[in-house]
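These figures come from a predicted structure and were not determined experimentally. In what follows, chains are A, B, ... by sequence order, proteins preceding strands, each numbered from 1.
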Amino acid sequence: MKVRFWLLDISQEPAGETSEIRLWGVDRKGRRILILDRGFNPSLYVAPKIEAEEAVKSLNSNPTLRQAFSTVEVEEKKLFGKPLKVLRVEAKGQEAFETLAKKLPREGWVGEVFHDDLRASSQYLLSLDVKPCGWNEVEAEEVKPPGGVRVEACYLAKERPRAVEALETPKLRVLAFTPIYSSEIGSPSPLRDPVLAIAAVTSQGERKVFAASEKGDDKGLLEEFSRYVEAYDPDVVVGYGSNRQDYPYLTQRAEKLGVRFRMDRMGQHPHQSLYGHFSVVGRANIDLLDFAEDMPEVKLKTLANVASFLGVKFEEPIEVDAVEAGRLWKTEEGREKLQALCLRRAEVIMGVAEAILDFAYQLSHLIGMPVDQVGAAAVGFRVDWYLIREAWRLGELAPKRVEQPYYPYKGGMVLEPKAGIHEKVAVFDFTSMYPSLMVKYNLSPDTYLPEGEPEPEEGVYVAPEVGHRFRKKPPGFYKMVLEELMRARRQIRQRMKGLKPSQALYRILDARQRSVKVITNAVYGYSGWRGARWFKAEVAEAVAAWGRKTISEALAIAEKLGLKVIYGDTDSVFLAYEPEKVERFEAEVEKRVGLEIKPDAIYERILFTEAKKRYAGLLPDGRVEIVGLEVARGDWCEAAKQVQEKVIEIVLREGDPGKAVEYVRQWIRDFKAGRFSMEDVTIWKTITKPIEDYEVRAPHVEAAKRLMAKGWKLTYGDKVGYVIVKGAGKLYQRAEPSLTASPADVDLDYYVENQVVPAALRILQIFGITKNHLMEGLPAKKEGLLKFFS
DNA sequence: GCGACAACTCTACCA
DNA sequence: ACTGGTAGAGTTGTCGCG
C-alpha cells in the first residue's frame with residue numbers, strides 16, 4: 001500500500017549487514033507512524049588513480065575490503081563541475097561503512113574518497129530526496145513495530161520513498177516544558193540539587209505542573225513527567241535553553257536517582273547528537289533559544305525579552321534563579337508561587353513556539369536537515385547542507401571539508417559620512433547586491449580560472465582590482481543555486497499577494513520565503529568561509545571587489561547629476577533628496593550598472609557623527625531609527641542608552657540641542673540623587689572564550705571570575721552583568737557582578753563620566769557641545785548652539 | 001619611577 | 001562554528017625624562 005507521511009525525525013539502527021533507517025512521521029489520518037527501510041546502505045565514492053576497471057579489480061581482490069562492501073559500480077559524477085569517474089562502493093551496514101572509510105584512503109590506487117563523512121541517515125535524505133518537515137510517499141506494508149517502539153502504525157518500506165510537494169503542515173502535538181531547579185549556592189548541579197518542578201503545556205491547551213516533595217525529593221517528579229510525556233505522545237517538544245541546560249541536567253539527574261528519563265518514542269533517555277543538540281528519537285526536540293540567537297534585536301536572550309519582542313503576552317515574573325527557588329520552596333506559599341511561575345513560563349514558551357515553529361519547519365524543509373538539528377546548526381552548516389543536496393541533484397559530489405589557510409581580503413566600501421544634521425535624505429540600496437553579482441559574473445569555485453590557465457573560447461569575466469578570472473559559461477554552481485533561490489523567493493512572494501496575513505497558508509509561505517532569504521544572503525559569506533566545502537577565497541574576494549566597483553559607479557552617477565552624497569556603506573547610498581534628480585539617478589544606475597537599485601527610505605532628518613556605521617534618522621511616519629550608536633548596542637548600560645535615545649529624539653524631532661543639554665543635566669541631577677535601579681547601571685558583556693584564555697584583565701572577565709568563585713557556572717557564550725562600584729584601583733578591580741552588588745556601592749561618577757556623558761556627547765558634540773556643558777557646576781553655553789537650525 | 005602615548009585586546013555592531 | 005569594515009573602551013607596554 002502507498003503511505004503518505006510528513007517526516008518529523010529520522011534515525012538509524014545498526015542492523016548487521018544492513019543498516020535500518022527509521023522514518024518517524026505523521027500520516028494523512030493524523031496517526032503517528034514509523035517506516036522501517038531496510039533496503040538502504042551508505043556508500044562511499046572513490047576516485048581512483050588508475051583505470052576504473054583496474055580499481056574495481058583491486059577492490060575485489062582485497063579480502064578485508066571485499067568483506068565490507070556489497071556492490072561496487074563505476075559511475076560518472078562531477079567534482080567542481082569537472083567530470084569524474086568514480087567507484088560507488090556500497091557498504092554492508094554502518095560498521096562496514098566505517099571500516100571502508102578508514103581503510104580505503106590507505107590503498108595505493110585510491111586518489112580521493114567522497115561521502116565517507118556523511119552518515120547513513122544523511123545519505124538517505126540526500127540520495128532519495130526525502131524531505132524532513134514535508135510530505136513523502138512510499139510503497140510499504142504494515143508490520144509489527146520493533147520492541148520498545150511506541151507508534152500507532154509501523155510499516156516496512158517496499159521501495160524507496162519520494163518527496164511529494166504539498167504545503168500544509170499536519171496538526172502536530174506540541175509540548176512545551178520547563179523545569180525549575182534548586183540550589184543552595186550558585187548554579188544548580190544535577191548531582192547535588194533537585195529539580196523542584198517541571199511545567200508542561202500542550203498545544204491542546206493542557207497545563208500541568210509536576211512538583212518535587214516539600215523536602216525536594218524529585219525522583220517521583222521525573223518518573224511522573226516521563227509518564228506524562230509518553231501518554232501525551234507529542235510530536236514536537238519545545239524548551240528554552242533545553243539543549244544547553246535542561247536535557248543535560250535532567251538526564252544526569254535521572255541517572256543519579258536511578259530513574260529512566262523518557263522523552264522519546266522508544267523508552268530511552270535523550271542523547272546528545274550533532275551540533276550539540278539533544279535528540280529525542282521519534283520526536284522533534286526544538287530549543288527555541290537556538291532560534292532566538294538569530295534575533296539581533298534582542299540583546300539579552302531571556303525568555304521574557306524574546307517573548308516581548310515576538311509580541312507574546314504574559315504576566316511577570318517568568319524567570320527565577322535556582323538559589324531563590326530553593327529558598328521559596330521552603331514555604332507552602334513559596335511553593336505555590338514557584339509552580340505558578342513555572343507554568344506561566346511554559347505557557348510563554350508555547351507562545352514563542354507558535355511564533356517560531358513555522359519558520360523552523362520551512363528552514364528544515366528547504367535545506368533538508370531534520371528540524372531538531374536545523375536550529376542548533378550554525379549558518380555555515382545550514383548552507384553546507386543545502387548545497388550538498390543541490391549538488392546531488394546536479395550529479396556533483398560533495399567535496400570534503402579541508403583545512404584551509406587564512407586568507408584575508410578586502411571587503412565592502414564604506415564612505416566617510418558628512419557629519420552633522422541633514423534634512424531630507426534619500427537612501428538607495430542595491431537589491432541583494434552580493435548574490436546578484438555572483439549570478440551576473442558567474443562567480444563560483446567551478447568557474448574560477450586559476451592563474452596561468454589559457455582563456456577559454458567563451459570568454460571570462462575579470463574581477464576589478466584583484467584580477468581573478470571566471471569563465472562566462474557554463475553557469476557555475478553558485479549561480480545556479482542562487483538563481484533558483486531568488487526565483488523561488490519571488491514566486492513565493494507573488495503567491496502571498498492574494499492572501500491575508502491571518503491565513504495559515506500565508507504564514508507558511510512567509511516562513512518559507514524567509515528561510516530562502518536566510519540561505520541566499522549567507523552564500524557569499526559561506527564562499528569565503530574556510531570551513532566551507534565549496535570554499536574559494538577568490539570567489540568571495542571577487543564578489544567584494546565587484547561590489548566596490550558597483551557602488552563607486554553609483555556614486556559617480558550621483559555626482560554627475562549634482563546629487564550630494566551624504567554617506568554610503570557596501571550596497572547603500574545616502575543622497576540629499578531632490579525629487580527629479582533622484583528619479584534619474586535610479587534609472588541611470590539600473591541602466592549603466594545593470595543591477596537593481598531601490599529607494600529604501602527618505603529621512604526627514606538624519607544625523608551623522610564623524611564615525612562610519614553610526615547614525616540616527618527621523619522617518620516620515622515619525623519613527624526614529626538608530627543605527628550603530630550606543631542605543632543599538634547591548635554592551636552599554638540602560639541608563640546611557642536611554643539618555644542617548646532621548647537626546648536623539650529631542651534633536652531630531654524638535655531640533656533643539658539646547659533642550660537636550662538641559663535634559664541631560666537634569667537627568668544627571670536625578671541620578672546623583674539616587675533615582676536609578678540596578679538594571680539601569682548593569683553592563684552586559686559576553687564571555688567569548690574560556691576564562692583562562694583571556695590575555696588582559698577586562699572588567700567583565702573579572703566579574704565572571706567572581707561569580708565562578710561563588711559557585712556559578714559560566715561558559716563561553718554566556719553574558720555577564722556587572723556594575724562598577726566605588727573604590728580605588730583599576731576598573732576591572734571595581735567590576736562587581738550585578739547579582740551580588742548593592743545599589744549603595746555603585747560608583748555614580750563612573751556612570752556619569754564614562755557611560756551617560758560619552759553617549760550623550762556622541763550626539764551633542766555635533767553642535768559644539770562639550771563635557772563641560774553637561775556636567776554640573778559649569779554654565780551651559782547656549783549661544784551658538786542654534787545656528788545649525790537657522 | 002612617572003606620565004604620555006602607542007599598541008594591543010576585546011566586544012559588538014553594519015552591510 | 002558565514003565575510004570584512006568599523007568604533008570605542010579599557011589594559012598593557014614603551015619611551016623619554018633626568
Side-chain angles (χ1 to χ4, degrees), chain A residues 274-276 290 293-294 296-297 299-300 376-384 386-387 401 406-417 427 429-430 432-435 438 518-537 539-545 547-548 551 567-574 600 609-615 625-637 640 683-689 693-702 704 716-717 719-720 724 729-735 750 753-755 758-759 761-762:
Chain A
L274 261 49
Y275 314 115
D290 288 335
E293 300 291 356
D294 296 336
E297 299 90 342
K299 308 292 173 191
L300 196 59
V379 178
F381 294 103
R382 294 179 188 173
V383 176
D384 224 31
Y386 177 75
L387 292 178
R401 223 179 279 289
Y406 179 55
Y407 178 106
Y409 65 91
K410 247 169 106 180
M413 180 161 83
V414 190
L415 301 189
E416 209 67 58
V427 182
D429 283 335
F430 280 100
S432 318
M433 187 200 245
Y434 283 3
M438 293 174 91
V518 164
I519 300 299
T520 310
N521 290 343
V523 170
Y524 152 73
Y526 173 92
S527 74
W529 173 43
R530 288 177 303 157
R533 289 173 190 267
W534 280 271
F535 169 75
K536 184 59 81 179
V539 169
E541 190 173 29
V543 176
R548 292 192 297 276
I551 193 170
Y567 178 61
D569 184 349
T570 311
D571 63 353
S572 66
V573 187
F574 293 55
D600 180 58
T609 68
E610 307 265 315
K612 296 169 172 180
K613 297 186 183 279
R614 311 183 133 217
Y615 56 89
E625 211 162 65
I626 300 172
V627 180
L629 293 158
E630 283 71 8
V631 174
R633 298 180 63 94
D635 58 350
W636 283 71
C637 72
I683 298 164
W684 291 93
K685 278 200 166 79
T686 309
I687 299 294
T688 60
K689 52 188 165 190
D693 288 1
Y694 279 93
E695 290 181 35
V696 292
R697 310 193 69 175
H700 73 293
V701 179
E702 293 302 304
Y716 48 89
K719 276 206 157 76
V720 180
I724 299 300
K730 292 277 192 188
L731 209 58
Y732 61 77
Q733 293 169 307
R734 302 197 281 128
Y750 169 81
E753 289 231 21
N754 297 66
Q755 289 270 319
L761 230 39
R762 200 91 59 214

We want to know whether Tyr694(A) and Thr688(A) form a side-chain donor-acceptor pair, criterion being a heavy-atom distance below 3.5 angstrom. yes
Whole-Å distance, Tyr716(A) OH to dA1(C) P, equals 10 Å
| message | For a quick check of understanding: with a heavy-atom distance under 4.0 Å over all strands, which category does Tyr275(A) fall into, base, sugar-phosphate or nothing? | response | nothing
As a check of understanding: the bend across the helix from dG1(B)-dC17(C) to dA15(B)-dT3(C), end axes from five pairs, rounded to 10 degrees, works out to 30°
Between CG of Leu387(A) and C1' of dC2(C) the distance, given in whole Å, is 12 Å
> Looking across every strand, which nucleic acid part, if any, lies under 4.0 Å from Gly525(A) by heavy atom: base, sugar-phosphate, or nothing?
Replying inline: base
Its contact letters, B for base, S for sugar-phosphate only and - for none at protein heavy atoms under 4.0 Å, make nucleotides 7-15 of chain B read --SSBBSBS
Check your understanding: Which of parallel (below 30°), tilted (30 to 60°) and perpendicular (above 60°) describes Phe381(A) and Trp529(A)?
Key -> perpendicular
To the nearest angstrom, the CE-P distance between Met438(A) and dT3(C) comes to 14 Å
Among dA1(C), dT11(C), dG8(C), the one nearest any side-chain atom of Trp636(A) is dG8(C)
Between CZ of Arg382(A) and P of dC2(C) the distance, given in whole Å, is 10 Å
Are any of the side-chain nitrogens in Lys613(A) or Asp569(A) under 4.0 Å away from the carboxylate oxygens of its partner?
yes
**Message:** Would you measure the distance from the C1' atom in dT9(B) across to the matching atom in dC2(C) and give it in whole Å?
**Reply:** 24 Å
query = Does CD belonging to Glu610(A) count more than 12 external heavy atoms closer than 6.0 Å?
reply = no
**Message:** Using a 4.0 Å heavy-atom cut-off, does Tyr406(A) contact any base of the nucleic acid, only the sugar-phosphate backbone, or nothing at all?
**Reply:** sugar-phosphate
From CG of Asp294(A) across to P of dA1(C) the rounded distance in Å is 16 Å
| query | Within the structure shown, what part of the strands sits under 4.0 Å from Arg762(A) by heavy-atom distance: base, sugar-phosphate, or nothing? | reply | sugar-phosphate
inquiry  = Check this one for me: any side-chain N or O of Lys410(A) less than 4.0 Å away from OP1 or OP2 of dG4(C)?
reply    = no
Quick check on Tyr407(A): does its OH atom have over 12 non-hydrogen neighbours (other residues, nucleotides or ligands) under 6.0 Å away? yes
Between NZ of Lys730(A) and C1' of dT11(C) the distance, given in whole Å, is 6 Å
Inset, instruction - Could you check whether Gly531(A) gets within reach of a base, just the sugar-phosphate, or nothing at all, counting any heavy atom under 4.0 Å? - result: nothing
*asked:* In the structure I gave you, are the side-chain heavy atoms of Ser527(A) and Lys536(A) within less than 4.5 Å of one another anywhere?
replied: no
d(Asp635(A) CG, Lys685(A) NZ) to nearest 0.5 Å is 5.0 Å
Glu630(A) CD to dT6(C) C1', in whole Å, measures 13 Å
Worksheet item: Hey, is Arg382(A) close enough to Asp294(A) for a salt bridge, meaning N to O under 4.0 Å?
Response: yes
Atom CG of Leu731(A) and atom P of dA9(C) are separated, to the nearest Å, by 12 Å
Assert: residue with more 5' nearest nucleotide on DNA chain C, out of Arg530(A) and Glu416(A), is Arg530(A)
Quick one: are Val414(A) and Tyr567(A) in side-chain contact, heavy atoms under 4.5 Å?
yes
If only side-chain N and O atoms count, and only distance matters, is there a donor-acceptor pair under 3.5 Å linking Asp384(A) with Tyr526(A)? yes
Under 4.0 Å, heavy atoms only, any strand: does Ala611(A) hit a base, just the sugar-phosphate, or nothing? sugar-phosphate
### Query
Do the side-chain N or O atoms of Asn754(A) get closer than 4.0 angstrom to the phosphate oxygens (OP1, OP2) of dG10(C)?
yes
With a non-hydrogen cut-off below 4.0 angstrom, is Tyr732(A) in contact with a base, only sugar-phosphate, or nothing?
-> sugar-phosphate
